[in-house]
There are 2 protein chains.
Amino acid sequence: MLKEFQRINRRKVYQGAIIDFCKDDIITPKGKQVEWDYLEHKGAAAVLPVLDDGKIILVRQWRNAIDRFALEIPAGGKDGIDEPTKECAARELEEETGYRSDNIEFLQSIVPAIAYSGEVIDVYVAKNLKKTEQSLDPDEEIELEIYPIEELVEMVLKNEINDSKTAAAIMTYYYKYCHK
Amino acid sequence: MLKEFQRINRRKVYQGAIIDFCKDDIITPKGKQVEWDYLEHKGAAAVLPVLDDGKIILVRQWRNAIDRFALEIPAGGKDGIDEPTKECAARELEEETGYRSDNIEFLQSIVPAIAYSGEVIDVYVAKNLKKTEQSLDPDEEIELEIYPIEELVEMVLKNEINDSKTAAAIMTYYYKYCHK
C-alpha cells in the first residue's frame, strides 16, 4: 500500500519572470525529512489548430532552453492564476497564428516536468478556424507551418518533434480523431 | 525568414538539488535586450519496459510537484553529465522495477518544459526482461503496475495519464509497434 509524503514547509528562494524556485521540506513515509526543489508556475494552455481541410497549424520559434528552433503547437502561460485554460488557449491561438475558433475542445492535461515543476498545460483542439490577425509579443518571432496530421505523426516517430506537449498532443489527437 | 536570438550571458542565481536556476541575457532579433529564466538540468532517461507477453510495467509514486500519485514509465536523472542515457535507462529500469534488459532500443527524445528548462529525456523501449532485484533510493516509494498497451492508450485518451514523457511514450510506442 503506497503512502503519501507530507510537505511541512514551502519557501520561495528565488522569484523568476515566469517561474519561482521553492525549497520544500518533506517528510517521507519512513519518517525522514528531506528537502526537494519545486518550481511554481501559474499554468498554461496549448492548442492543436485544425484547418477545414484537416491540416494542422504549428509554430516554429527559437527556444533559448535548447539553443535551437523548435516546432510546437501554439501555447502560452495563463494571464493570471484565474484565467480559464480554455480562454488562454483561444487567446494564444489568435495571438500566435492569427486564427480564431468557436469550436475548442479539451484533449488532455499534460504535466511537463513532474519531478520538479507544478506546471500543468491543458491542451485543446481548435476547429472551424477563421482568419483574423496575428498579434505577437514584441519579443516573439514565430513562423507558421502547416502539415497533414499523418506527416506530423511521422515526424514524432523520426524524433523530429521533441517538445513534450506537442508530441503528446499530435499522437493523442491522431489516435482519437484519425485512427481507423 | 526566422532569425536566431543571441544569448550574451548566463548566470546561476540559485543552485538546487536537481536543477539550477539561471538568468539569461538575450538579444532579440529586433535588437532588444531581455532577461529570461533558464533551468539547468543534467538530463534524464526513461524506459518503457515490455514484458514477454506484451504488457507494460509502469511505476506509481507520489509526486510532490502535483500533490498526488502519478503513473509513469520508469525514469531518472543521469548520474552525471557524461552518463550515456541508454545506461541511465538500463540502471533506472533495474532500480525501479527489478528487471534487467539486454534489448534496449531508442524511442524518442523529449524536451519536457521547452519554455524554461534545458532538460532532455531520452526515452527507450526495453524488451527481453529478466527478473533481478529492485533497489530503490531510501526516499523512493514505488509500486509497479502492469497493463496491456491498449489499456494505457485508453488511459491517455481518458486524461488519466498526465505525465508528459509517459503520455508521449505510450502513444508513440503504440503507433510504432502495435498499430495495424
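Every chain is numbered from 1 and lettered A, B, ... according to where its sequence line falls, protein lines coming before strand lines. Bear in mind the structure is a predicted one, so any value in this text is a computation, not a measurement. All heavy atoms count here, side chains included; hydrogens, waters and symmetry mates do not.
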Next item on the list: Kindly work out whether a path of hydrophobic side-chain contacts (I/L/V/M/F/W/Y, heavy atoms less than 4.5 Å apart) joins Val111(B) to Val111(A).
Entry: no
Notebook entry, point to check: For the atom pair CZ (Phe21(B)) and CZ (Phe21(A)), what is the distance rounded to the nearest 0.5 Å?
Noted result: 8.0 Å
Note to self: Quick check: is Tyr177(B) connected to Leu58(B) through a chain of hydrophobic side chains (ILVMFWY, heavy atoms under 4.5 Å apart)?
What the structure shows: yes
Next item on the list: Please tell me if the side chains of Glu4(B) and Phe69(A) come closer than 4.5 Å, counting only heavy atoms from C-beta onward.
Entry: yes
Notebook entry, point to check: Ala169(A) versus chain B, heavy atoms under 4.5 Å apart: side chain, backbone, both or neither?
Noted result: neither
Check: So which part of Tyr116(B) gets closer than 4.5 Å to some heavy atom of chain A, the side chain, the backbone, both or neither?
Finding: both
Check: Taking all atoms of both residues into account, what is the closest heavy-atom pair of Leu2(A) and Arg60(B), and its distance?
Finding: CD1-O, 3.5 Å
Next item on the list: Please determine, among Val153(B), Val156(B), Ile114(B), Asp163(B), the option with the most heavy-atom pairs under 4.5 Å with chain A.
Entry: Ile114(B)
Checklist line | Interatomic distance, Asp37(B) atom CG to Ile18(A) atom CD1 [nearest 0.5 angstrom] | finding: 5.5 Å
Item checked: His179(B)/Tyr175(A) under ring pair (Phe, Tyr, Trp, His ring centres under 6.0 Å): CA gap, chis, key distance, verdict -> CA-CA 10 Å; His179(B) 179 70; Tyr175(A) 190 87; 8.1 Å; no
Checklist line | From Ser109(B) atom OG to Asn162(A) atom CG, the distance as rounded to the nearest 0.5 Å | finding: 5.5 Å
Checklist line | Residue selection (most heavy-atom pairs with chain B, distance under 4.5 Å) from Phe106(A), Phe5(A), Tyr38(A) | finding: Phe5(A)
Next item on the list: Counting only heavy atoms closer than 4.5 Å, note whether Lys165(B) contacts chain A via side chain, backbone, both or neither.
Entry: side chain
Notebook entry, point to check: Do you know which of Pro29(A), Cys22(A), Gly76(A), Ala113(A) has the most heavy-atom pairs under 4.5 Å to chain B?
Noted result: Pro29(A)
Margin query: Heavy-atom cut-off 4.5 Å, strictly under: side chain, backbone, both or neither for Asp139(B) against chain A?
Written below: both
Next item on the list: Sort out for me which of Lys3(A), Glu40(A), Arg63(A) touches chain B most, counting heavy-atom pairs under 4.5 Å.
Entry: Arg63(A)
Check: When only pairs under 4.5 Å are counted, which of Ile66(B), Ile110(B), Ile26(B), Thr28(B) shares the most heavy-atom pairs with chain A?
Finding: Ile110(B)
Notebook entry, point to check: chain A: which of Leu39(B), Val34(B), Ile161(B) shares the most heavy-atom pairs with it under 4.5 Å?
Noted result: Leu39(B)
Item checked: Euclidean distance, Gln6(B) CD relative to Asn64(A) CG, rounded to 0.5 Å -> 12.0 Å
Next item on the list: Measure the spacing between OH of Tyr174(A) and OH of Tyr174(B) and express it to the nearest 0.5 Å.
Entry: 10.0 Å
Check: Between Glu72(A) and chain B, which part of the residue has a heavy atom less than 4.5 Å away: side chain, backbone, both or neither?
Finding: side chain
Check: Taking a hydrophobic cluster as the set of Ile, Leu, Val, Met, Phe, Trp and Tyr residues connected by side-chain heavy atoms closer than 4.5 Å, whether directly or through intermediates, do Val47(B) and Ile170(B) fall within one such cluster?
Finding: no
Margin query: Counting heavy-atom pairs closer than 4.5 Å to chain A, which one of Lys32(B), Lys23(B), His41(B) comes out on top?
Written below: Lys23(B)
Check: So which residues of residues 117-132 of chain A are in contact with chain B at a heavy-atom cut-off of under 4.5 Å?
Finding: Ser117(A), Gly118(A), Glu119(A)
Margin query: Could you check whether Lys30(A) pairs with Glu141(B) (Lys NZ or Arg NE/NH1/NH2 to Asp/Glu carboxylate O, under 4.0 Å)?
Written below: yes
Check: Do you reckon Ile73(B) sits in the same ILVMFWY cluster as Met155(B), going by side-chain contacts under 4.5 Å, direct or chained?
Finding: yes
Notebook entry, point to check: Under a 4.5 Å heavy-atom cut-off, does chain A meet the side chain of Glu154(B), its backbone, both or neither?
Noted result: side chain
Next item on the list: Find out if a path of hydrophobic residues (ILVMFWY) with successive side-chain heavy-atom gaps under 4.5 Å connects Val59(B) to Leu93(B).
Entry: yes
Margin query: Nearest 0.5 angstrom please: Glu160(A) CD to Gln108(B) CD, how far?
Written below: 13.0 Å
Item checked: Closest heavy-atom pair and its distance - Ser164(B), Pro112(A) -> OG-O, 2.7 Å
Notebook entry, point to check: Measuring heavy-atom distances to chain A, does Ala44(B) have an atom under 4.5 Å in its side chain, in its backbone, in both, or in neither?
Noted result: neither
